[in-house]
Amino acid sequence: MGYPFLLKSLQRLILLIGLCQAYTSESNQEKAVRDLLIHLIPDVYSNFEITVDPTIFNDDQISFKILKTSENSTVKITGNSGVAAAWGVHHYLRNFCNCHISWDGDQLKLPEILPNASVELRSADRYRYYQNVCTFGYSSAWWNWSRWEREIDWMALQGINLPLAFIGQEAIFKRVFNNLGLSDAELEEFFVGPAFLPWGRMGNIRGWGGPLSDSWHIRTVKLQHKILNRMRSFGMKPVLPAFAGFVPRNISRIYPDHEVAKAERWNNFDDKYCCPSLLHPEDPLFAQIGERFISEMTKEWGTDHFYNCDMFNEIRPVNDTPEYIRSVGQSVFTGMKLADSKAIWVMQGWLFTDRGFWTEERAKALLTSVPSGKMIVLDLNSDGSPFYKKFDSYYGQPFIWNTLHNFGGTSGMYGYLDSIGMGIIEARSYKNSTLVGTGLTMEGINQNYIVYDFTLDMGVRDSVTDVNHWVKNYATQRYGEYNEFTDRAWLLLKRVLYSNMEPSYRARFLPITQRPSLGYVPSDII
């Protein structure tokens, strides 16, 4: 690789540092954390003093300091952002007060006298990412603002600074398509229903479970305003959607001379519900719609310059040549940068699981279709099947190591903690690694909390941890006090359910959702 590679890496790092700066004032970020404390621990929130100081470590990692002495009843927490300060709060509650905070329940039995502490902590990477495009179908399709507020507070407590924010985009696309001349009736055949939006957005289906009502569009636009305001109040950088090239089939009525193709059929859906039209990447209309969408979205919600776009989710390109694939990537990014010169494309790497199609040549054509540093690849299933090695650290593009773990929102009890612990460290030490973060990309939440808590903890470690010791601490935090029997129970669960990488293992351990059966053998459960 040599000097040119190092120079490119330095340029990419400088670019990412510049884009990661928060726009929200320090005082507003401090207020956001204080508001979180009022929600979380209303009886003792006044014992916490929150300060946001971007200069505390003079670097751009997520970092915080905690100080509590016997001479003072106040816990002083200083973070270099609101996210960092909230993360510091969570670190103190977990590690000094034996508390546990999860998606749907908390254990907050604080001691009467808050323990002394002196801690300085920095994340090992720049980004802590959260969400999968599918989570908006499997878990959060019907959430109201109070549920979203809790979720965003949970994100802040976990140190998440790069969350996916996908609500309300159909209302923006409706405006763009209406302005092009498409009618509401034609859009009813295109937009899918609320629980199926992830797959409509990725071009897998159209019209299924729809249409979307005007009241839905109005509600989700208002909801997205609240979501983004809350995320930004902590200094997070929300990842917004972008245009992937999929359009209603009746686009040909307005542009009869433009070349369109049918997207590949997905999961054997009938023609009525499958295969939206796909613009040719060299058609200027592709980039024009991309620009209009981001411009309209920015007028409504503003931007933090990060955009997610997935064109080939479980569907193959209509043309398999590297030249065509490169042109698709170029057109997607052109639409972004015409509207936002600082645009960064955040792409899920799930498409690469189609190993029969995504050769190194084709993958490289897509990954290098945009300038180095202008794309962040989500190595989506790093805990099960990472691809950064196969594609040489994504040919120089930054990537984020993620725990996917959950597929389809199922409620199985399984995981592979040892593999997660080793996998993150290995990715950091990989030759010429372009790793810039760790994250969670589960398709559904509210299950197997231990797997995600462990992944988040590994975001600050630069060496493999003693997993058994970590599990025992987790048991104490989950129940609020040490107990010999909960220790033994969790170590047994770790050995039986949370230490296996066998591909068929996940399917065997779905006891919560399986029909009653005596089909297990003792070796399966003991």
Side-chain angles (χ1 to χ4, degrees), residues 133 166 168-193 196-212 216-217 220 240-266 269-298 300 307-319 324-325 327-339 343 345 347 351 366 369:
V133 296
F166 256 32
Q169 61 179 282
E170 284 69 31
I172 307 300
F173 273 116
K174 182 177 185 296
R175 295 177 196 174
V176 172
F177 288 141
N178 282 159
N179 288 336
L180 290 175
L182 287 160
S183 68
D184 287 351
E186 289 169 325
L187 294 182
E188 287 182 0
E189 298 177 1
F190 180 68
F191 291 135
V192 299
F196 310 102
L197 287 172
W199 301 275
R201 292 163 179 170
M202 294 184 289
N204 300 127
I205 53 177
R206 63 188 186 95
W208 181 265
L212 297 174
W216 173 267
H217 292 309
T220 54
L240 295 170
F243 177 62
F246 301 109
V247 292
R249 286 197 182 172
N250 283 336
I251 195 80
S252 297
R253 176 181 64 79
I254 303 167
Y255 298 99
D257 299 326
H258 289 243
E259 182 179 349
V260 296
K262 277 187 180 181
E264 184 181 58
R265 187 181 302 275
W266 181 75
F269 272 81
D270 291 339
D271 187 68
K272 179 180 179 180
Y273 297 114
C274 86
C275 319
S277 290
L278 179 63
L279 291 173
H280 193 281
E282 295 181 0
D283 187 334
L285 186 61
F286 193 122
Q288 289 170 13
I289 293 177
E291 178 187 13
R292 289 187 187 188
F293 174 75
I294 290 180
S295 295
E296 185 66 32
M297 181 170 60
T298 303
E300 185 65 52
Y307 304 97
N308 172 274
C309 189
D310 299 302
M311 310 83 59
F312 306 124
N313 178 70
E314 299 177 0
I315 54 176
R316 293 181 174 183
V318 296
N319 183 320
Y324 175 84
I325 293 169
S327 67
V328 173
Q330 290 172 336
S331 294
V332 167
F333 186 68
T334 296
M336 294 180 189
K337 72 178 182 179
L338 286 172
W345 179 359
M347 186 185 76
L351 71 167
L366 176 60
S369 65

Side chains of [X] and [Y], heavy atoms from C-beta outward: is any pair under 4.5 Å?
X	Y	value
V133	R201	no
F190	F177	yes
F191	P211	no
L182	V247	no
P198	F166	no

Just by modelled atom types, is the [Y] backbone N or O under 3.5 Å from a matching donor or acceptor in the [X] side chain?
X	Y	value
D270	C274	no
N204	N313	yes
R253	G181	yes

Minimum-distance pair of heavy atoms, taken over all atoms of [X] and [Y]:
X	Y	answer
T334	A287	CG2-CB, 3.8 Å
A339	S295	CB-OG, 3.5 Å
A242	Y307	CB-CB, 4.0 Å
S327	P281	OG-CG, 3.2 Å
A244	L278	O-CD1, 4.1 Å

May I have the step-by-step check of side chain to side chain contact (heavy atoms under 4.5 Å, CB included) for K262 and R249, ending in yes or no? CA-CA 8 Å; K262 277 187 180 181; R249 286 197 182 172; 3.6 Å; yes
Rounded to the nearest 0.5 Å, what separates atom [atom1] in [X] from atom [atom2] in [Y]?
X	Y	atom1	atom2	value
R175	M297	CZ	CE	11.5 Å
I325	R316	CD1	CZ	10.5 Å
L197	I205	CG	CD1	9.0 Å
R265	I315	CZ	CD1	12.5 Å
D310	M347	CG	CE	7.5 Å
I254	E186	CD1	CD	6.0 Å

Could you give all pairs that pass the salt bridge (charged side-chain N to carboxylate O under 4.0 Å, His left out) test and reach residues 202-212, with sequence neighbours left out? none
Salt-bridge test for D184 and K174: reply yes if a basic N is under 4.0 Å from a carboxylate O, no otherwise. yes
Check step by step if side chain to side chain contact (heavy atoms under 4.5 Å, CB included) holds for L187 and L212. CA-CA 9 Å; L187 294 182; L212 297 174; over 6 Å; no
Show, in sequence, the C-alpha distance, side-chain angles and deciding distance for Y324 and V318, and conclude whether the side chain to side chain contact (heavy atoms under 4.5 Å, CB included) test is met. CA-CA 9 Å; Y324 175 84; V318 296; 3.1 Å; yes
Tell me which one of L351, V332, V328 satisfies side chain to side chain contact (heavy atoms under 4.5 Å, CB included) with L366. L351
Once side chain to side chain donor-acceptor pair (under 3.5 Å) is applied, what residue pairs with a partner in residues 273-292 remain, sequence neighbours excluded? H258-D283
Would you say W266 has more than 12 foreign heavy atoms packed within less than 6.0 Å of its CH2? yes
Run the numbers on V176 and F243 for side chain to side chain contact (heavy atoms under 4.5 Å, CB included), then give the verdict. CA-CA 11 Å; V176 172; F243 177 62; over 6 Å; no
